[in-house]
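One structure below.
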Amino acid sequence: MNDPAGQAATERFRLVVVSGGTSDPSSTRLLADRIASRTGELAADRGESVEVGVIDLRSLASEIATAIVSQHIGPGLTRAVELLGAADGIVASAPVYKAAPSGLFSSFFHVLDNDLLIAKPVVLAATAGTARHALVVDEQMRSLFAYMRTLTAPTSVFAASEDWNDKALGGHVERAAIELLLLMESGFARQIRDESWKSYQHEYGSAGGTELDIDLSSDLMRLATGGKSVPRQR
Amino acid sequence: MQFGIFSVSDITRDPVSGETPSEAERIKAIVQIAKKTEEVGLDVFAIGEHHNPPFFSSSPTTLLANIAALTSRLLLTTSTTLITTNDPVRIAEEYAMLQHLAGGRMDLMLGRGNTAPVYPWFGQDIRKGLPLALENYNLLHRLWREDVVDWEGEFRTALQGFTSTPRPLDDVPPFVWHGSIRTPEIAEQAAFYGNGFFANHIFWPTSHSLRLIEFYRQRFEHYGHGTQKQAVVGLGGQTYIAKNSQDAFKEYRPYFDEAPVYGHGPSLEDFSSQTPLSVGSPQEVIEKTLTFHDAFGDYQRQMFLIDHAGLPLKAVLNQLDLLGEEVVPVLRKELASRRDPESADAPTHQGLVRAKYGDEPARQPRPNANRGDNVTGASPYQDSDASAEYPKLV
């Protein structure tokens with residue numbers, strides 16, 4: 001697919017699937033895979049390619065629990081953070097058991113640095129045993145990702161048991177996939193990184209250990225070096 | 001290179017015996033531990049500062065003064081002194097007093113404290129913790145170096161013509177370490193003033209502590225205090241030693257599993273392979289500790305956490321025996337052979353006195369007789385600059 005002139009014309013996107021499914025095979029993972037593979041097909045049609053990495057939270061369950069109670073980040077979780085930090089797009093898929101994304105799924109995102117996913121395109125997906133959980137994706141998962149400052153695709157995908165043999169699900173997957181691809185193509189996340197990264201809140205060592213810039217001209221740095229703090233507001 | 005132990009002063013139930021020591025027992029025990037630290041040939045003892053149960057150490061200078069009176073060689077310090085919730089004027093006074101009583105065998109490490117409810121008990125707000133720490137140290141630094149201080153800041157009432165007494169021993173301020181895990185501003189402040197920088201090095205992998213230490217070294221050189229190698233770095237660490245590896249894991253496991261902060265979290269195996277914790281035989285602990293030198297280069301002080309998580313006094317004293325007999329002597333030899341002669345010496349009062357005065361006698365301030373201005377006088381001591389000006393109070 002390289003352009004004959006030899007210029008690197010192939011856009012290659014790194015897509016990461018995060019699945020909170022716990023069985024094997026898991027319908028939560030299956031739903032995420034459908035979105036990811038459809039995104040890959042659409043990309044191929046346009047002379048682009050998508051490389052998919054998968055984070056199965058089931059295998060990280062004890063590391064996630066450990067991180068929640070002790071801030072100790074194990075090697076599997078470290079690898080997951082690296083994958084997400086390098087991702088151009090994400091499909092985040094959660095099982096719903098009790099009117100909320102599963103605790104495992106939520107906990108994983110709770111231990112990530114606040115700035116790890118800034119401006120990254122995300123498709124949200126969820127599975128459940130009943131359609132009564134349908135609004136969990138848009139009412140709960142979307143707000144979690146708003147907090148993480150992701151660029152969440154307009155279409156999210158929900159599949160209750162009865163949806164698996166409904167053509168409509170395929171339509172939702174299709175819509176979400178094209179949205180995700182267009183958002184990745186836009187280069188929005190990269191541009192935010194280049195042009196506006198500093199305007200978000202960071203801590204030293206955040207963004208998965210990549211945020212190591214130190215602003216020596218800040219008010220606090222002036223105070224650290226014997227200067228006055230910001231004048232008191234009266 | 002100095003070796004020592006640091007305690008956070010937790011009073012924790014012993015998960016093996018089920019007993020929780022009383023405050024009285026724990027306070028008596030800590031004095032015994034400090035004395036033993038000197039007996040086994042270690043150099044430094046540090047105590048933390050906390051203002052809530054289950055900790056006993058609200059008043060570190062009182063404890064350290066008592067230990068100073070019972071020891072002759074041990075260097076006493078803190079881990080940490082709260083530079084946020086303590087008035088820097090009180091820190092200046094209390095630690096200068098300790099410095100006199102301990103004959104200079106002391107320094108202190110400053111930290112912020114991360115328990116939000118403690119701040120308002122002392123009229124402060126954790127959300128202002130960082131600027132508070134930075135500004136308070138700026139004042140503390142001057143109180144120990146200028147006989148008479150005029151000062152105005154955001155967090156404390158202004159001072160006019162204030163003299164912190166007693167003046168530091170030999171008019172040489174106590175050495176200060178700034179402790180931080182991930183705050184570049186604290187490393188910058190340590191570098192700006194040419195003070196020491198301490199990485200707690202307990203919970204996070206060595207690579208994590210390394211970034212801020214490298215930044216501190218660069219900035220230390222930038223501010224003209226010496227080369228990067230001459231910056232003064234201290235490291236924490238924690239250890240549990242037994243004659244062989246299996247016994248070390250077996251004996252330590254129940255305490256690790258229920259330890260405050262990381263208990264009920266990672267497995268002992270994971271935590272000891274992924275963080276600076278070393279559990280094992282003396283040889284294994286020696287090898288792991290030497291990897292710190294591989295990562296950080298020469299550093300001046302290595303502290304071990306061995307007194308915590310409900311470990312009984314007997315076990316702590318036994319750890320000190322093993323450290324003193326089998327681990328630290330080997331580490332001293334190994335690290336001395338690796339040491340670059342350019343590296344800074346470990347900070348001591350004698351070293352600081354020599355640096356300031358050479359062979360000249362040290363200044364010994366003697367107050368002037370009261371001239372009616374002893375509260376706000378500009379020249380409180382007989383050798384104060386006679387032309388010192390009175391502060392303008394308008």
Side-chain angles (χ1 to χ4, degrees), chain A residues 59-82 85 104 107-108 110-116 198 201-234, chain B residues 128-139 141-142 151-156 178 180-193 202-205 207-212 214-216 218-219 222-223 256 259-267 269-275 277:
Chain A
S59 64
L60 297 176
S62 67
E63 285 189 25
I64 292 168
T66 290
I68 289 262
V69 298
S70 74
Q71 297 183 4
H72 178 75
I73 306 290
L77 207 44
T78 302
R79 178 81 193 109
V81 167
E82 285 166 5
L104 178 64
S107 297
F108 173 70
H110 289 178
V111 298
L112 300 181
D113 289 334
N114 288 349
D115 54 357
L116 183 67
K198 283 209 165 111
Q201 203 174 35
H202 307 285
E203 277 176 36
Y204 184 69
S206 65
T210 61
E211 180 55 28
L212 299 174
D213 278 354
I214 296 174
D215 178 7
L216 292 170
S217 63
S218 69
D219 290 344
L220 282 170
M221 280 298 188
R222 208 169 59 243
L223 185 60
T225 52
K228 287 275 173 224
S229 66
V230 190
R232 197 199 298 253
Q233 294 187 345
R234 295 182 196 274
Chain B
K128 290 272 185 184
L130 182 53
L132 190 55
L134 298 171
E135 181 179 294
N136 279 353
Y137 181 71
N138 288 338
L139 172 57
H141 189 86
R142 289 186 55 198
W151 185 85
E152 190 179 356
E154 187 182 348
F155 296 110
R156 174 190 201 294
H178 299 256
S180 174
I181 300 174
R182 56 180 166 191
T183 312
E185 288 83 357
I186 297 292
E188 175 77 359
Q189 188 169 47
F192 175 76
Y193 286 111
I202 294 276
F203 303 117
W204 285 345
S207 59
H208 198 117
S209 308
L210 188 58
R211 328 192 260 238
L212 218 47
E214 283 182 341
F215 171 72
Y216 158 72
Q218 287 161 15
R219 301 301 289 170
H222 170 84
Y223 285 113
F256 176 86
V261 186
Y262 52 74
H264 306 287
S267 73
E269 283 73 12
D270 283 352
F271 203 75
S272 53
S273 68
Q274 294 159 20
T275 76
L277 169 66

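Heavy-atom basis, side chains included; hydrogens, waters and symmetry copies ignored. Every chain is numbered from 1, with letters handed out A, B, ... down the list of sequences.
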If you look at every heavy atom in [X] and [Y], which pair is closest and at what distance?
{"X": "A/Gly74", "Y": "B/Gln274", "answer": "CA-OE1, 3.8 Å"}
{"X": "B/Phe192", "Y": "A/Thr225", "answer": "CZ-O, 3.1 Å"}
{"X": "A/Ala224", "Y": "B/Asn138", "answer": "O-OD1, 4.1 Å"}

message: Apply ring-ring contact (aromatic ring centres under 6.0 Å, His included) to residues B/Phe271 and A/His72 and explain how you reach the verdict.
response: CA-CA 8 Å; B/Phe271 203 75; A/His72 178 75; 5.2 Å; yes
query: Do any of residues 204-214 of chain A come closer than 4.5 Å to chain B, heavy atom to heavy atom, and if so which ones, in number order?
result: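 From residues 204-214 of chain A, the residues near chain B are A/Tyr204, A/Gly205, A/Gly209, A/Leu212, A/Ile214.
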- prompt: Which region of A/Ile68, side chain (C-beta onward) or backbone (N, CA, C, O), has a non-hydrogen atom less than 4.5 Å from a non-hydrogen atom of chain B, or is it both or neither?
  reply: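 For A/Ile68, no heavy atom lies under 4.5 Å from chain B.
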field: salt bridge (Lys or Arg N to Asp or Glu O under 4.0 Å) pairs, two or more places apart, involving residues 62-81 of chain A
entry: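 Salt bridge (Lys or Arg N to Asp or Glu O under 4.0 Å) check on residues 62-81 of chain A returns A/Arg79-A/Glu82.
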- prompt: What pairs with B/Asn136 under side-chain hydrogen bond (donor to acceptor under 3.5 Å, both in side chains), at least two apart in sequence or on another chain?
  reply: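 By the side-chain hydrogen bond (donor to acceptor under 3.5 Å, both in side chains) rule, B/Asn136 matches no residue at all.
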For B/Tyr137, side-chain hydrogen bond (donor to acceptor under 3.5 Å, both in side chains) partners two or more places apart: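 side-chain hydrogen bond (donor to acceptor under 3.5 Å, both in side chains) check on B/Tyr137 returns B/His141, B/Asn195.
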- request: Kindly compute the distance separating CE (A/Met221) from CG (B/Leu134), expressed to the nearest 0.5 Å.
  value: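 Rounded to the nearest 0.5 Å, the CE-CG separation comes out at 9.0 Å.
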field: Among B/Arg211, B/Glu188, B/Arg182, residue most engaged with chain A (heavy-atom pairs, under 4.5 Å)
entry: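 Highest number of pairs under 4.5 Å: B/Arg211.
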message: For a 4.5 angstrom cut-off between non-hydrogen side-chain atoms, does B/Pro131 reach A/Leu220?
response: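 Heavy-atom side-chain distance check passes, below 4.5 Å.
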query: What part of B/Arg142 gets closer than 4.5 Å to chain A, counting heavy atoms only: side chain, backbone, both or neither?
result: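 When you check distances to chain A, no heavy atom of B/Arg142 falls under 4.5 Å.
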field: Toward chain A, the part of B/Leu212 with a non-hydrogen atom under 4.5 Å
entry: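 Contact with chain A is through both the backbone and side chain of B/Leu212.
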